[in-house]
Amino acid sequence: MQTEMTSTETGIETPWIRTHTCGELNGTFSGKEVVLSGWVAKRRDHGGLIFIDLRDRYGITQLVFDPATSGDAKSKQAAESLRSEFVISVKGVVRRRPADMVNPKIATGEIEISVNELQVLSQAKTTPFVIDDHTDAGEVLRLKYRYLDLRRPSLQQNLIVRHQTYQVVRKYLSENGFL
């Protein structure tokens with residue numbers, strides 16, 4: 001008979017279960033505690049505050065590590081060591097941004113997450129090019145690191161459209177008796 005070991009027995013922290021994706025939160029979620037997971041897209045250090053743009057395939061959400069509101073000093077310390085493409089999971093509270101700081105360019109631009117706890121799920125080496133649609137990397141370099149290039153939003157959108165097209169074709173063929 002096997003028994004399940006807890007994270008304290010193994011020394012490995014169990015990742016939290018994500019409650020929302022990075023593209024779905026808005027002002028109606030204000031005040032709610034959420035768990036998000038994704039890649040670190042950008043990190044900005046403004047003295048006492050650290051801002052992280054967290055990215056998953058659904059969008060981007062801004063995280064704020066504020067020592068005044070965060071009860072976990074260890075999380076703030078860990079946030080200082082975060083780099084682009086680290087995979088993290090955070091627990092925090094959704095809060096509205098001040099009216100003059102709303103970002104209309106992204107779906108989650110009216111909110112930010114005040115982070116209470118942070119787990120680094122995977123560290124990453126510095127990437128050979130910026131994972132962004134506006135990269136200046138050449139085609140040869142992007143093809144060499146195709147697995148990184150596929151994280152760019154435009155290429156992800158191409159894969160999604162291709163998948164949806166195939167689904168429509170398969171459904172039509174199946175409904176009409178094709179095998």
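No hydrogens, no waters, no symmetry mates; every other heavy atom, side chains included, goes into these values. The residues of the chain are indexed from 1 along the displayed sequence.
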Visitor: Less than 4.5 Å apart, side chain to side chain, heavy atoms only: is that true for Glu110 and Asn26?
Guide: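 When only atoms from C-beta onward are counted, Asn26 and Glu110 do touch, with a gap below 4.5 Å.
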
Visitor: So, taking the atom named NZ in Lys144 and the one named CZ in Phe129, what distance separates them when rounded to the nearest 0.5 Å?
Guide: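 If I round to the nearest 0.5 Å, the distance is 11.0 Å.
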
Visitor: Using side-chain heavy atoms (C-beta onward) and a distance below 4.5 Å, is Lys105 in contact with Ile60?
Guide: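 No. Closest side-chain heavy atoms not under 4.5 Å.
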
Visitor: Is the shortest heavy-atom distance from the side chain of Phe86 to the side chain of Arg43 under 4.5 Å?
Guide: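 Counting from C-beta outward, Phe86 and Arg43 never come under 4.5 Å.
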
Visitor: If you apply the rule side chain to side chain contact (heavy atoms under 4.5 Å, CB included), what do you find for Asn116 with Glu33, and how did you get there?
Guide: CA-CA 10 Å; Asn116 298 324; Glu33 184 171 88; 4.1 Å; yes

Visitor: Mark yes or no for whether Arg55, through its side chain, and Glu85, through its backbone, hold a donor-acceptor pair below 3.5 Å.
Guide: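 No, because the side chain of Arg55 does not come within donor-acceptor range (under 3.5 Å) of the backbone of Glu85.
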
Visitor: Please check if any side-chain donor atom of Asp56 sits under 3.5 Å from a side-chain acceptor atom of Thr21, or the reverse.
Guide: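 No - no donor-acceptor pair under 3.5 Å links their side chains.
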
Visitor: Establish whether Trp39 and Leu121 are linked, either directly or via other cluster members, by ILVMFWY side-chain heavy-atom contacts under 4.5 Å.
Guide: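 Cluster IDs for Trp39 and Leu121 match.
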
Visitor: Taking CD in Gln167 as the centre, count heavy atoms belonging to other residues, nucleotides or ligands within less than 6.0 Å. Is the count above 12?
Guide: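 More than 12 within 6.0 Å, yes.
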
Visitor: Would you check if Val168 and Thr165 make a side-chain contact, meaning some heavy-atom pair closer than 4.5 Å?
Guide: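 No, every pair of side-chain atoms sits at 4.5 Å or beyond.
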
Visitor: Which residues pass the salt bridge (charged side-chain N to carboxylate O under 4.0 Å, His left out) test with Asp53, not counting sequence neighbours?
Guide: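 Checked Asp53 against salt bridge (charged side-chain N to carboxylate O under 4.0 Å, His left out); matches are Arg44.
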
Visitor: Determine the minimum heavy-atom distance between Ala107 and Gly23, stating which atoms define it.
Guide: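 Between these two residues, the closest heavy atoms are CB-O, 4.0 Å.
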
Visitor: Please give me the minimum heavy-atom distance between Gly59 and Cys22, naming the atom from each residue.
Guide: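 Answer, listing the atom of Gly59 first, then Cys22: O-CB, 3.4 Å.
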
Visitor: Does the Thr135 side chain pair with the main chain of Ile131, one donor and one acceptor, at a distance under 3.5 Å?
Guide: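 No, Thr135 side chain to Ile131 backbone: no donor-acceptor pair under 3.5 Å.
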
Visitor: State, yes or no, whether a side-chain contact exists between Ile113 and Leu25 at a heavy-atom distance under 4.5 Å.
Guide: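 Heavy-atom side-chain distance check passes, below 4.5 Å.
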
Visitor: Roughly how far, to the nearest 0.5 Å, is the OG atom of Ser114 from the CG atom of Leu63?
Guide: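 Going from the CG atom of Leu63 to the OG atom of Ser114 covers 10.0 Å.
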
Visitor: Is a side-chain N or O of Ser37 found less than 3.5 angstrom from the main chain of Ser89, in a donor-acceptor match?
Guide: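 Flag not set: sc Ser37 to bb Ser89 has no pair under 3.5 Å.
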
Visitor: Would you say the side chain of Leu82 lies within less than 4.5 Å of the side chain of Leu118, judging by non-hydrogen atoms?
Guide: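 Yes - at least one pair of side-chain heavy atoms lies under 4.5 Å apart.
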
Visitor: Say whether Ile111 and Val34 are linked into one hydrophobic cluster, either directly or through other cluster members, by side-chain heavy-atom distances under 4.5 angstrom.
Guide: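 Ile111 and Val34: one cluster.
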
Visitor: Let's go through Val64 and Arg97 carefully: what are the C-alpha distance in whole Å and the side-chain angles of both, what is the deciding distance for side chain to side chain contact (heavy atoms under 4.5 Å, CB included) to 0.1 Å, and is it a yes or a no?
Guide: CA-CA 11 Å; Val64 180; Arg97 290 186 188 180; over 6 Å; no

Visitor: Does some side-chain heavy atom of Arg152 sit less than 4.5 Å from a side-chain heavy atom of Arg142?
Guide: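 They are in contact (side-chain heavy atoms under 4.5 Å apart), so the answer is yes.
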
Visitor: Spell out, yes or no, whether Val120 and Ile50 are grouped together once hydrophobic residues are joined by side-chain heavy atoms under 4.5 Å, including indirect joins.
Guide: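 The answer is yes; both residues are in one hydrophobic cluster.
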
Visitor: Nearest 0.5 Å, please: how far is CG in Asp149 from OG1 in Thr127?
Guide: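 Here the rounded value is 11.0 Å.
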
Visitor: Taking everything shown except Leu143 itself, do over 12 heavy atoms lie less than 6.0 Å from its CG?
Guide: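 Buried by this count: over 12 neighbours within 6.0 Å.
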
Visitor: Taking the side chain from Arg18 and the backbone from Leu36, do they hold a donor-acceptor pair closer than 3.5 Å?
Guide: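 No, because the side chain of Arg18 does not come within donor-acceptor range (under 3.5 Å) of the backbone of Leu36.
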
Visitor: Measuring from atom CG of Asn158 to atom CD of Gln156, what distance do you get when rounded to the nearest 0.5 angstrom?
Guide: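 Answer for the CG-CD pair, Asn158 versus Gln156, is 10.0 Å.
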
Visitor: Could you give the distance from CD (Gln157) to CG (Asp133), rounded to the nearest 0.5 Å?
Guide: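 Reported to 0.5 Å precision, the distance equals 10.0 Å.
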
Visitor: With a 4.5 Å heavy-atom cut-off, do Glu80 and Phe65 have their side chains touching?
Guide: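 Counting from C-beta outward, Glu80 and Phe65 never come under 4.5 Å.
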
Visitor: Ignoring hydrogens, what is the shortest heavy-atom contact between Glu24 and Phe29? Give both atom names and the distance.
Guide: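 Looking at all heavy atoms of both residues, the shortest contact is O-CE1, 3.6 Å.
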
Visitor: Does Thr19 reach the main-chain N or O of Val35 with its side chain, forming a donor-acceptor pair under 3.5 Å?
Guide: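 Looks like yes, one N/O pair under 3.5 Å.
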
Visitor: What is the distance from atom CG of Leu54 to atom CD of Gln62, rounded to the nearest 0.5 Å?
Guide: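 Going from CG on Leu54 over to CD on Gln62, the span is 11.0 Å.
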
